[in-house]
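Down below is the structure, laid out as structure tokens.
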Number of protein chains: 2
Amino acid sequence: MNLSAMLSESIQQGQTTRFYPGIRESFTELTGKLWHGRRGSNSNMANMKKIAELAGVSLGTVSHVLNGTARVREPLRKRVLEAVRVTGYQPSQLARGLRRDKTNILAMIIPDILNPFFPGVVRGAEDVAFANGYRLVLCNTDNDHGKEVMHLNALRTYLPSGLIVIPSDFSDLTAQTESYRRAGAAVVCIDRLPRNWNGDSVTINNTDGASNAASYLIGLGHRHLAVITGPLHLTNSQDRLKGFKRALRQADLELAPGYMQEATFDRAGGYAKTKVLLKMVPRPTAILACNDLIALGALMAIREEKLHCPDDISLVGFDGLDLTETTTPQLSSVYQSPYQLGAAAAQLALDRVAHKDAPVKHIVLKTELRIRDSVAAPPADMSASPPIRHRKSRSVAS
Amino acid sequence: MNLSAMLSESIQQGQTTRFYPGIRESFTELTGKLWHGRRGSNSNMANMKKIAELAGVSLGTVSHVLNGTARVREPLRKRVLEAVRVTGYQPSQLARGLRRDKTNILAMIIPDILNPFFPGVVRGAEDVAFANGYRLVLCNTDNDHGKEVMHLNALRTYLPSGLIVIPSDFSDLTAQTESYRRAGAAVVCIDRLPRNWNGDSVTINNTDGASNAASYLIGLGHRHLAVITGPLHLTNSQDRLKGFKRALRQADLELAPGYMQEATFDRAGGYAKTKVLLKMVPRPTAILACNDLIALGALMAIREEKLHCPDDISLVGFDGLDLTETTTPQLSSVYQSPYQLGAAAAQLALDRVAHKDAPVKHIVLKTELRIRDSVAAPPADMSASPPIRHRKSRSVAS
DNA sequence: AACTCAGCTTGAAAGCTTTCACTTTCCACC
DNA sequence: GGTGGAAAGTGAAAGCTTTCAAGCTGAGTT
């Protein structure tokens with residue numbers, strides 16, 4: 001029996017190490033007293049070395065079996081898989097990430113998960129991530145650019161494969177995100193875009209959405225339309241305002257001074273600005289609120305002023321959150337799918353990971369005008385022309 | 001000038017390596033042709049070695065400066081920090097985690113971020129995590145035990161320091177979480193507890209919360225109280241039911257058969273079960289819904305049956321979500337703070353990381369009964385005794 | 001001037017996986 | 001039975017940090 005035959009047999013029995021006793025022992029002697037490792041802790045967790053020993057193969061082979069990076073003959077392959085099964089071994093994502101320069105992590109930076117629009121976005125992204133074996137790390141910025149940069153910098157050292165950002169504001173993120181790209185990570189911006197953004201993105205058609213809503217109101221006979229926008233340093237706010245103005249222009253209407261109010265994207269903002277609008281003369285007969293929380297605040301203000309929606313004033317929100325169904329009256333709103341937004345972003349990020357040099361993609365999702373009970377024709381004395389009759393609960397895709 | 005003096009000076013000049021040209025070069029020669037690394041990619045990112053070279057110190061010293069693990073004399077310390085500043089160096093969390101057997105990650109497993117109760121929990125946990133330099137990895141289980149186990153197994157290989165779980169159901173998680181504990185990770189269960197749970201936990205006082213709500217209704221004169229519970233395999237559902245029953249017992253009232261309905265924790269469940277309740281004879285004059293979504297569904301059903309809340313029937317929800325303020329009528333509810341729940345859980349997890357052997361903690365948060373417009377005394381003919389007058393918007397802590 | 005001791009620094013190993021270059025095995029064919 | 005080439009398998013290095021034991025320095029002591 002020659003050496004290689006012995007080796008071969010020994011491998012079959014999983015005892016390779018026996019054949020270099022001198023080397024092994026002296027190595028052990030050398031390092032035995034230099035042990036600096038941690039005690040206990042993870043030592044009971046299986047690692048690749050243990051699998052290799054159990055299966056009687058080399059480390060490399062185990063890796064190849066696990067990753068399909070090379071052909072491995074069936075018997076060996078089986079022994080490896082069996083060893084994995086028996087030990088319940090799972091590869092260390094840390095070691096793998098360290099070696100591959102990239103982990104199965106998708107980082108996501110959003111303004112605030114407490115804003116009811118964002119959970120859907122997160123869920124969409126998480127589902128796509130999970131389905132592809134990725135995990136989602138979530139960070140909230142509170143729309144604070146400083147916090148955003150902190151997150152951006154800190155997360156990078158985990159070497160995520162991708163990064164999905166809803167920018168806190170119009171600040172230029174090029175410097176930060178560029179370092180991700182250099183490190184080979186995909187970066188996708190969604191919902192709003194920062195200044196100078198030239199990477200992948202997923203947004204909705206804010207302009208058309210707002211335009212459709214305004215057109216619908218105009219179609220009902222409204223001539224005194226007001227708008228409460230979100231913070232105008234956000235691109236989505238800007239676009240919604242643009243759409244609103246476009247609809248007015250197309251109907252040869254003017255945006256009366258003061259009929260445009262800028263608010264924060266929350267109830268308080270909507271409440272305050274609606275109070276202002278309701279004091280105007282003539283009072284607007286319809287309000288487009290640039291998100292549902294603003295609309296909610298508007299509804300409170302309207303109620304508080306002893307006015308009635310939709311008889312005295314029509315109201316349309318934006319986003320189409322669940323809460324629009326539980327208000328009284330139910331809120332009409334420009335619906336967009338946060339889930340789809342998040343899912344598309346995650347998918348785009350993963351695509352980018354797979355094809356680093358594919359052309360940049362800008363996905364623009366559609367909105368859908370959902371008419372519920374908060375809109376009606378204007379009071380008779382306020383309408384310049386007879387209102388056009390519309391079915392209720394009509395949906396208009398933009 | 002002797003060697004040590006030269007070395008000393010050389011260190012001042014950051015040129016240590018120059019002194020072993022032979023060794024260094026032969027080492028390079030030896031390894032130069034065995035290069036298996038990746039090309040480019042991260043090679044431009046600073047690492048500790050670069051910092052050490054720049055500062056003219058050893059790797060160990062850099063580490064000590066960065067971690068405060070040993071005293072380092074001021075001049076060296078300064079040079080290290082300066083090099084860090086100049087390069088913008090940030091330690092690799094992967095390498096650090098690999099070496100320390102633990103990362104700055106907190107894993108969180110929740111049923112579904114789309115359920116409006118959970119974003120607050122997540123936010124609370126994330127804020128505490130972030131404030132302590134940890135990141136949050138989020139996973140949704142959809143109340144699916146299989147998915148939960150998958151997440152649990154997969155996340156472990158990232159070696160998170162802690163794990164916060166809202167169990168999907170009553171399934172025993174001991175096996176899975178035990179392996180986290182063995183790996184040195186802290187595990188905290190919140191909101192509901194799995195079978196045989198003997199680790200740290202944060203819950204709310206569900207029993208008292210439900211009991212207070214029921215007592216309040218009884219105090220208003222109600223004698224026909226119904227309850228719509230959540231899925232009874234969840235401990236929080238069980239406890240709320242227990243509290244409801246306790247209040248009845250204390251008032252010498254009986255829970256009429258059929259007055260207890262079990263529903264899923266959502267609108268549809270509440271709607272369906274309320275329809276059932278409203279058909280009963282006698283019809284209940286008050287309903288305790290064991291979460292706000294159920295209450296929302298109940299409200300829809302009540303409206304659909306042309307009944308009026310609170311005149312015909314009083315309704316109290318549970319959780320005190322924001323949406324309780326925007327319904328008509330505004331919903332009374334047993335408020336609990338999801339943010340506090342999440343924050344406490346994260347804090348508990350971090351405490352556990354710091355003090356592995358501290359005694360197990362069970363934190364139980366208080367609830368607060370928030371009375372709004374959805375409750376009133378029962379219709380005159382349904383009340384056995386004159387109702388007790390209560391102020392509106394009263395808050396009762398439990 | 002030699003010696004001690006404390007305190008600062010250092011160098012190397014270890015943690016776990018992937019990947020490359022190389023060796024060994026296998027199989028077909030002469 | 002031997003040969004050649006393809007396929008399969010191996011072993012070691014590298015990725016970056018932490019941590020230990022040991023080396024060094026310099027002040028204080030005798």
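Keep in mind that the numbers below use all heavy atoms, side chains included, and drop hydrogens, waters and symmetry copies.
Within the 4.0 Å cut-off from OP1 or OP2 of D:dA7, not a single side-chain nitrogen or oxygen of A:Arg71 is found. An OP1 or OP2 oxygen of D:dT17 is reached within less than 4.0 angstrom by a side-chain nitrogen or oxygen of B:Tyr89. A:Arg73 has no side-chain polar atom (N or O) that falls below the 4.0 Å cut-off from OP1 or OP2 of D:dA8. Distances shown here put a side-chain N or O of B:Ser58 below 4.0 Å from the OP1 or OP2 atom of C:dT10. The side chain of B:Ser63 places an N or O atom within less than 4.0 Å of a non-bridging phosphate oxygen (OP1 or OP2) of D:dT18.
Atom NZ of B:Lys78 is separated from atom P of C:dT9 by 14 Å (rounded to the nearest Å). If you take NZ of B:Lys50 and P of D:dC16, they are 9 Å apart, rounded to a whole angstrom. Note: CG (B:Leu159) to P (C:dT17) measures 10 Å, nearest angstrom. Rounded to a whole Å, the CG atom of A:Leu98 is 9 Å from the C1' atom of D:dT17. One atom, NZ of B:Lys49, and another, C1' of C:dT10, lie 16 Å apart when rounded to the nearest Å. Rounding to whole angstrom units, NZ of residue B:Lys102 and P of D:dT19 are separated by 11 Å. B:Leu94 places its CG atom 15 Å from the P atom of C:dC16, with the value rounded to the nearest Å. Taking atom CZ of residue A:Arg96 and atom P of nucleotide D:dC16, one finds them 18 Å apart after rounding to whole Å.
Taking for each of A:Asn47 and A:Gly60 the nucleotide of DNA chain C with the nearest heavy atom, the 5'-most of the two is the partner of A:Asn47. Taking for each of A:Ala70 and A:Leu59 the nucleotide of DNA chain D with the nearest heavy atom, the 5'-most of the two is the partner of A:Ala70.
A salt bridge between A:Glu82 and A:Arg85 is present, with a side-chain N of the basic residue lying under 4.0 Å from a carboxylate O of the acidic one.
The distance from atom CD of B:Gln93 to atom CG of B:Leu98, rounded to the nearest 0.5 Å, is 12.5 Å.
Contacts of B:Phe130 classified as ring-ring contact (aromatic ring centres under 6.0 Å, His included), with partners at least two apart in sequence or in another chain: A:His151.
The backbone N or O of A:Pro160 sits nowhere less than 3.5 Å from a side-chain atom of A:Tyr134 that would complete a donor-acceptor pair. At distances below 3.5 Å, at least one donor-acceptor pair connects side-chain atoms of A:Thr103 with backbone N or O atoms of A:Tyr158.
When heavy atoms are screened at a 4.0 angstrom cut-off, A:Val62 is found touching no nucleic acid atom at all. Using a 4.0 Å heavy-atom distance criterion, B:Thr61 is classed as a base contact.
Checking C:dC20, D:dT17, C:dT9 against the side-chain heavy atoms of A:His64 singles out C:dC20 as nearest.
Interface remark: the A:Arg99 side chain does form a donor-acceptor pair with the C:dT18 base, using a distance-only criterion of under 3.5 Å.
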